[in-house]
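Predicted, not measured: the structure shown is a model, and the values here were computed from it. In what follows, chains carry the letters A, B, and so on, assigned in the order in which the sequence lines appear, proteins first and then strands, with residues in each chain numbered from 1.
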Amino acid sequence: MSSFDEHEAFEAAVPLSRRAMAARPAPYLDDLNPAQRAAVETLDGPVLMLAGAGTGKTKALTARIAHLLTSGRARPNEILAVTFTNKAAREMKDRVGRMLGETVEGMPWMGTFHAISVKILRRHAELAGLKPNFTILDTDDQLRLLKQLILAADIDEKRWPARMLAGLIDGWKNRALTPARVPSAEAGAWNNRGTELYEQYQARLRTLNAVDFGDLLLHVVTIFQAHPDVLAQYQRWFRYILVDEYQDTNVAQYLWLRLLAQSHHNICCVGDDDQSIYGWRGAEVGNILRFETDFPGAKVIRLEQNYRSTPHILAAASGVIAANSDRLGKTLWTRAQGGEKVRLIGHWDAEEEARWIGEEAVRLNDGSHVSAKRRMNTRSITRTQEEERRAKNNLPPLETAISNGDAFSDIHSRQLLNSETADIHRPGGGHNSSQGFSLDEIAILVRASHQMRAFEDRFLTIGLPYRVIGGPRFYERLEVRDAMAYFRLAVSPDDDLAFERVVNTPKRGLGDKAQQAIQVLARANGLSLHEAARMLLAEGGLAGKGAGQLRAFVQGIDRWYAATQRPGYSHIELAEQVLDESGYTGMWQNDKTPEAPGRLENLKELVKALEGFENLQGFLEHIALIMDNSSEDAAEKVSIMTLHAAKGLEFPVVFLPGWEDGLFPSQRSMDESGKKGLEEERRLAYVGLTRAEELATVSFAANRRVYGQWQSALPSRFIDELPEAHVEVLTPPGLYGGGYGAAGMASSIETRAMKADVYNSPGWKRMQDRAASRPVTQPRETRELVINATALSSFAMGDRAFHDKFGYGTVVGIEGDKLDIAFDKAGIKKIVARFVRSAQAAGDVPF
DNA sequence: AAGGCGATGTTTTTT
DNA sequence: ACATCGCCTT
């Protein structure tokens, strides 16, 4: 499993497949534009691919890999391709495979910075004072460890919180600073004891044979720096280096890359300085801005042709980002024509904003069961866009499709074959009932996650299906982490952090006192907690019912460990056994709180995830780095997520709510980082706008509840930066209780009367002007939302019903189109009937 | 040892 | 408003 073995295995396996590939023509080069093509064919020396939003960056990157392979320049194991997320890595693997028409026998060095670092570090662990089987701690373990150290150092955690220290240490690690290298100017950090605690923390990690995420990179960098021979080996192996999202690299990652690229300089970094939005967690825009100085002779290739958005959307995004000063500068353009202007609308408060967006989503969705294909016929598209779409959905290539006479065998498709663009306008600029957007094509992008609540509340009542992207990750959930701790104990009984976590979960009557006794014994005798607990029992140092419980716990660990040692044990059975015998499953079964069933479900899911691995060890080794929120759910839903989470995604319809000064740009960002902070916020606005393919709607609310207090706000300064020619100001229909132009805004001004600048705010003035110069739009004809037209008539008192969010329940009241439903797990709720299915239709298994 | 109550701090998030 | 956390009570 070591990187060496894998690497060497490829030496033998590759020549064959390379021959096979070399014989093939290079079709992937044909549909690249000149800039993409240059980026693909410039193989030697440093290359910076500045790829604006929607310019086919991933395509160029994957084509470059394909080109390296087919041209015989490199074997799969000689390419180091680094991404930030597992998702990006997976996507790249898939696309390279698809491009070459065969699965390249793996690319062992394609992965995240962290995953690749783990591979390297396992092989050279001893150079970092670790054993090769070190464990990777997550932020939770990290925090608990720090708390212990703070306690031991007799520091008041109230005044000097562990979280702050963790942030400090992470920051140092992001900058590749070992305790010894922390600049003296920062020695005063954390009450003068920051570096001291950092040092202790690192020592403690070493004894635990553990690393945190930051260490993965830091250790590799330190090893490379201290052991030129090791570095030289990797430099020889990685003949070509590719880096995605380079604008997001931190100092440690930059050094990591620079060390590896030092000898041959064959490094290609792809990124967009305008999309750097992770400065707050250590990303250095400077890395990409400095590329040409860092790598002399670098070729900079700009990808500026956008295949994603309409001209209005592009112009609006460009207008906003133009206000930033630290830019390399790009000008996005498109061949696409037509499309709607970016819409701008003000609301009285966040609830109204959510209501309006909900109605809009429903209106746009109307006719959702018309296939996307049919709608595409009336859309302005480019050939590349269409081909990308086909690739994404595993559809046959355009040529095939047309000869087969599928939905695209119309005049527009032929047009697409003959020219690069087919400009097909949606009639009237609007949608009629026969060509709605799928809910999957609609996204709401917010600045801060607390904004999501208004949307969830609203969508729940109107029953609009939605999904929240991001949020707590599967493996971060309490129950999953507890279960993992049990698995860790089964695999390595001496894992003290895991022991601590679950020794009293479920409650075993082992409180502070008992745990202290174990700790003391462990420290005095240099034992693990597991061993110390055994000793404590032998000595009879524990009285009462705790003793029996602890004995069962210790013996359980022994038994589970023994099971893992038996050759050919079933790790899935063992996992179930562990959760069962420990009483952990029982704990949740007895729990009557509404979240208990969900937690049990997650545990089931966790056990199911084990199937993909050969044994528990393998699972645990990879889990920290690889597991994600996958449970993909096929049902059509509107997506709600933060702007950060939206990077890299695209949607035909995008709503951008909450554009108010203080919220977006975030006050805190500006306070803490000044102009730099503001510019990062502006990039966030740019990211948001450029997610939209066809329709973007910016909105703001005059009033919003912030920490329980009503506060009014002014339209975001970014609204001023939207170029007027590309924006349509919607006057909200009176139907919805008035928007910015109605009484709503007027009273918001009254509430802010103390602020003299209100009437003079450029954003406000411009809003007034725009509104005045346009006739008031008639209230839209609001179509009845019919998602489940039969629902109304089909429910009677006492019927069983199913709701996406609340699960199963019984109808206990009917009131017009609203049902009172007593949910099994969530209590009684009033739900709009069309969003409830009958229990039979939903099937028997909840969720 | 465990449940209740007041102080507290509230962007963004990956690995 | 709201959730989390540590302390305090039982």
Side-chain angles (χ1 to χ4, degrees), chain A residues 82-89 111-118 136-140 142-143 147 151 156-159 161-164 167 170 173-174 211-218 245 248-250 252-253 276-283 350 445-454 457 469-473 475-476 478 504 506-516 544-546 549 622-629 641-648 658 662-673 677 680-681 683-685 687-688 704-711:
Chain A
V82 208
T83 63
F84 274 84
T85 64
N86 292 308
K87 193 174 155 217
T112 63
F113 275 102
H114 296 266
I116 292 169
S117 294
V118 171
I136 303 163
L137 303 188
D138 55 37
T139 33
D140 214 74
Q142 188 187 3
L143 218 56
K147 279 186 181 159
L151 196 71
D156 180 10
E157 217 228 293
K158 266 270 153 71
R159 286 189 34 151
R163 290 192 65 87
M164 188 196 270
D170 277 346
K173 288 185 177 178
N174 284 339
V211 298
D212 63 21
F213 287 122
D215 280 338
L216 291 174
L217 288 146
L218 178 61
E245 307 279 15
D248 287 338
T249 49
N250 60 34
Q253 286 155 341
S276 163
I277 54 174
Y278 286 108
W280 51 273
R281 66 177 199 212
L445 312 182
V446 299
R447 175 62 183 86
S449 45
H450 64 75
Q451 287 174 263
M452 293 180 183
R453 236 199 97 167
D457 284 353
I469 311 269
R473 261 142 243 310
Y475 61 83
E476 276 170 6
L478 179 84
N504 201 27
K507 304 267 180 258
R508 296 193 173 86
L510 299 167
D512 265 3
K513 228 181 97 216
Q515 291 189 46
Q516 284 296 323
K545 53 179 189 267
Q549 296 256 36
H622 286 98
I623 204 76
L625 294 175
I626 279 166
M627 193 132 171
D628 52 25
N629 265 358
M641 69 191 92
T642 63
L643 287 162
H644 284 90
K647 198 174 76 159
L663 177 63
F664 187 43
S666 131
Q667 192 56 51
R668 189 157 162 185
S669 206
M670 294 186 291
D671 290 347
E672 281 174 10
S673 317
E680 184 155 311
E681 295 286 309
R683 291 193 290 266
L684 215 37
V687 167
R704 192 177 287 275
R705 236 184 318 212
V706 184
Y707 308 140
Q709 295 294 119
W710 279 100
Q711 285 197 298

For nucleotides 5-12 of chain B, list the nitrogen or oxygen atoms of the protein found under 3.5 Å from its nitrogen or oxygen atoms, one pair per line.
residue: B:dT11; atom: O2; partner: A:Arg447; partner atom: NH1; Å: 3.3
residue: B:dT11; atom: O2; partner: A:Arg447; partner atom: NH2; Å: 2.5
residue: B:dT11; atom: O4; partner: A:Glu672; partner atom: OE1; Å: 3.3
residue: B:dT12; atom: OP1; partner: A:Ser449; partner atom: N; Å: 2.5
residue: B:dT12; atom: OP1; partner: A:Ser449; partner atom: OG; Å: 2.2
residue: B:dT12; atom: O4'; partner: A:Arg447; partner atom: NH1; Å: 3.1
residue: B:dT12; atom: O2; partner: A:Trp280; partner atom: NE1; Å: 3.3
residue: B:dT12; atom: O2; partner: A:Arg447; partner atom: NH2; Å: 3.0

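Taking a heavy-atom distance under 4.0 Å as the criterion, the stretch of DNA chain C touched by chain A extends 5' to 3' from C:dA1 to C:dG6.
A straight line from CG of A:Asp212 to P of B:dT14 spans 17 Å, rounded to a whole angstrom. When rounded to the nearest whole Å, the span between CG of A:Asn174 and P of B:dT14 equals 15 Å. Rounded to a whole Å, the CD atom of A:Gln142 is 11 Å from the C1' atom of B:dT15.
Partners of A:Arg705 according to the salt bridge (charged side-chain N to carboxylate O under 4.0 Å, His left out) rule, which considers only residues two or more places apart in sequence or in another chain, do not exist here. Legend: residues meeting side chain to side chain donor-acceptor pair (under 3.5 Å) with A:Thr642, ordered by chain and number and at least two apart, are absent. Residues forming a salt bridge (charged side-chain N to carboxylate O under 4.0 Å, His left out) with A:Glu680 (at least two apart in sequence, or on another chain): A:Arg683. Here A:Asp212 pairs with A:Lys173 under the salt bridge (charged side-chain N to carboxylate O under 4.0 Å, His left out) rule; sequence neighbours left out.
By the 4.5 Å heavy-atom criterion applied to side chains, A:Arg447 and A:His644 are counted as neighbours.
A:Asn504 comes within 4.0 angstrom of sugar-phosphate atoms only, judged by non-hydrogen atoms across all strands, and of no base. Residue A:Lys647 is classed as having no contact, given no heavy-atom separation below 4.0 Å to the nucleic acid. A:Asp138 comes within 4.0 angstrom of no nucleic acid atom, judged by non-hydrogen atoms across all strands. Counting any heavy atom pair closer than 4.0 Å across all strands shown, A:Arg453 reaches sugar-phosphate atoms only and no base atom.
With the nearest nucleotide of DNA chain B identified for both A:Gly509 and A:Leu216, A:Gly509 has the one nearer the 5' end. Judged by closest nucleotide on DNA chain B, A:Asp512 is the one of A:Asp512 and A:Phe213 placed further toward the 5' end.
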Checklist entry - Between A:His450 and A:Leu663, is a side-chain contact (heavy atoms from CB on, under 4.5 Å) present by the stated rule, with each step listed? => result CA-CA 11 Å; A:His450 64 75; A:Leu663 177 63; 4.1 Å; yes
Next on the checklist: Could you walk me through whether A:Leu643 and A:Ile277 satisfy the side-chain contact (heavy atoms from CB on, under 4.5 Å) test, starting with their C-alpha distance in whole Å, then the side-chain angles of each, then the deciding distance to 0.1 Å, before giving a yes or no?
Outcome noted: CA-CA 9 Å; A:Leu643 287 162; A:Ile277 54 174; over 6 Å; no
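In this structure, A:Met452 CE and A:Leu445 CG are separated by 9.0 Å, a value rounded to the nearest 0.5 Å.
A:Asn86 has no side-chain polar atom (N or O) that falls below the 4.0 Å cut-off from OP1 or OP2 of B:dT14.
Within a 6.0 Å sphere centred on CG of A:Asp671, heavy atoms belonging to other residues, nucleotides or ligands number more than 12.
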